[in-house]
2 protein chains.
Amino acid sequence: MGLTKTEIFTAQQNRIADLAKAFAHPARVAILQLLIARKACVCGDLVDELELAQATVSQHLKELKRIGIIHGEINPPRVCYCINPPVWEEARQAFGAILGSFDGVSCCN
Amino acid sequence: MGLTKTEIFTAQQNRIADLAKAFAHPARVAILQLLIARKACVCGDLVDELELAQATVSQHLKELKRIGIIHGEINPPRVCYCINPPVWEEARQAFGAILGSFDGVSCCN
DNA sequence: TTTTCATATCGTAATATTGCGATTATATTT
DNA sequence: AAATATAATCGCAATATTACGATATGAAAA
């Protein structure tokens with residue numbers, strides 16, 4: 001169906017899945033890394049750095065904005081993007097919690 | 001196109017994206033949480049716990065196996081699934097590194 | 001050997017994602 | 001006002017994902 005049955009999962013599980021989507025495509029990983037590396041906010045420089053069309057980069061930025069992990073400040077004719085600290089922290093906590101909840105002991109070797 | 005241009009990204013970026021996919025669907029988050037919660041490996045109990053058809057659960061397990069974060073031990077007529085410690089640790093490191101690489105300072109307010 | 005059980009795989013349908021060219025929107029510059 | 005520059009959106013095509021019923025598989029139990 002291609003349609004996730006979100007209603008049968010907890011809000012936490014759905015949120016983790018959404019946060020994970022921010023990192024679930026190499027282009028978005030690259031964008032996030034670039035936004036962090038250049039302390040200053042990067043804008044359409046992303047299009048130059050990535051070998052992707054402007055429309056494609058814009059679409060990935062839109063998805064990252066939807067998740068909330070970045071936000072853009074319009075500064076015509078440019079838009080300055082940057083990491084959204086509270087949501088980044090939310091992701092840090094969420095992944096830290098779930099990844100830290102496994103004690104390393106696996107039964108079927 | 002629906003076809004990711006993996007060749008224009010680094011191996012590290014592609015791997016992070018793949019590891020993130022393990023958590024990018026609530027059903028897979030739920031499966032991983034169940035595998036951790038019950039120290040003993042869960043098998044088709046997953047089908048009972050999740051409100052998803054057996055074929056659907058099996059497909060998610062296949063994806064998690066492809067990523068390498070779980071592995072199954074055939075114990076006819078059941079299959080015992082569990083977290084694969086080295087890959088789980090790889091994910092912990094990878095997400096810890098990227099999520100820890102942002103110092104909290106965001107330029108646009 | 002036939003049944004039975006648990007799981008994997010197949011086939012199919014519906015929706016989502018990825019990517020890009022073309023166009024639109026918005027505000028500055030000339 | 002017209003031209004320019006940047007980024008968002010539209011429309012489209014191709015592939016991927018999600019989900020499930022039905023069937024196949026493989027080994028134990030009857």
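Residue numbers start from 1 in every chain, and the chains themselves are labelled A, B, ... in the order their sequence lines are given, proteins ahead of strands. Values in this document were obtained by computation on a predicted structure and should not be read as measured data.
- Summarising the geometry, the separation between CD on B:Glu73 and P on C:dA8 is reported as 13 Å, rounded to the nearest angstrom.
- With contacts defined as side-chain heavy-atom distances shorter than 4.5 Å, the pair B:Ile67/B:Arg15 qualifies.
- B:Lys21 places its NZ atom 12 Å from the C1' atom of D:dT15, with the value rounded to the nearest Å.
- When the P atom of D:dT17 is taken as reference, atom CD of A:Glu63 falls 15 Å away, rounded to whole Å.
- Proximity of B:Ser58 to the phosphate of C:dA8: a side-chain N or O atom is located under 4.0 Å from OP1 or OP2.
- Protein atom CD1 of B:Ile31 is 14 Å distant from nucleotide atom C1' of C:dT7, rounded to whole Å.
- The aromatic rings of A:His60 and A:His25 sit tilted relative to each other, their planes meeting at an angle between 30° and 60°.
- If you measure from atom CG of A:Asn75 to atom P of D:dA5, you get 18 Å, rounded to the nearest angstrom.
- When atom types are taken as modelled, the side chain of B:Ser106 and the backbone of A:Asn84 share no donor-acceptor pair closer than 3.5 angstrom.
- Put simply, the side chain of A:Ser58 never gets that close to the backbone of A:Ala55: no donor and acceptor are under 3.5 Å apart.
- With DNA chain D read from its 5' end, the first of the two nearest nucleotides for A:Lys62 and A:Thr4 is the one closest to A:Lys62.
- Within 6.0 Å of CD1 in A:Ile74 there are 12 or fewer heavy atoms belonging to other residues, nucleotides or ligands.
- Side-chain atoms of B:Glu63 and B:Gln59 include no donor-acceptor pair closer than 3.5 Å.
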Between the protein and nucleotides 21-28 of chain D, are there any N/O to N/O pairs under 3.5 Å, and if so, what are the atom names and distances?
none

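- Between A:Asp45 atom CG and D:dA7 atom C1' the separation is 13 Å, expressed in whole Å.
- The phosphate of C:dC20 has OP1 or OP2 within less than 4.0 Å of a side-chain N or O from A:Thr56.
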So which protein N/O to nucleotides 11-13 of chain C N/O distances come out below 3.5 Å?
| unit_1 | atom_1 | unit_2 | atom_2 | d |
| --- | --- | --- | --- | --- |
| C:dA13 | N1 | A:Met1 | N | 3.3 |

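- Distances shorter than 4.0 Å separate none of the side-chain N or O atoms of A:His60 from OP1 or OP2 on C:dT17.
- Panel note: side chain B:Trp88, backbone A:Leu99; a donor-acceptor pair is recorded below 3.5 Å.
- Considering CG of A:Leu64 and OH of A:Tyr81, their distance stands at 9.5 Å, rounded to 0.5 Å.
- When rounded to the nearest whole Å, the span between CZ of B:Arg66 and C1' of C:dA8 equals 17 Å.
- Along DNA chain C, the nucleotide nearest A:Leu52 and the nucleotide nearest A:Leu3 are compared for position; the residue whose nucleotide lies closer to the 5' end is A:Leu3.
- The two residues A:Ile16 and A:Ala94 have their closest heavy-atom pair at CG1-CB, 4.4 Å.
- Between A:Leu61 and A:Lys5, the residue anchored nearer the 5' end of DNA chain D, judged by the nucleotide with its closest heavy atom, is A:Leu61.
- If you take CG of A:Asp18 and C1' of C:dT17, they are 14 Å apart, rounded to a whole angstrom.
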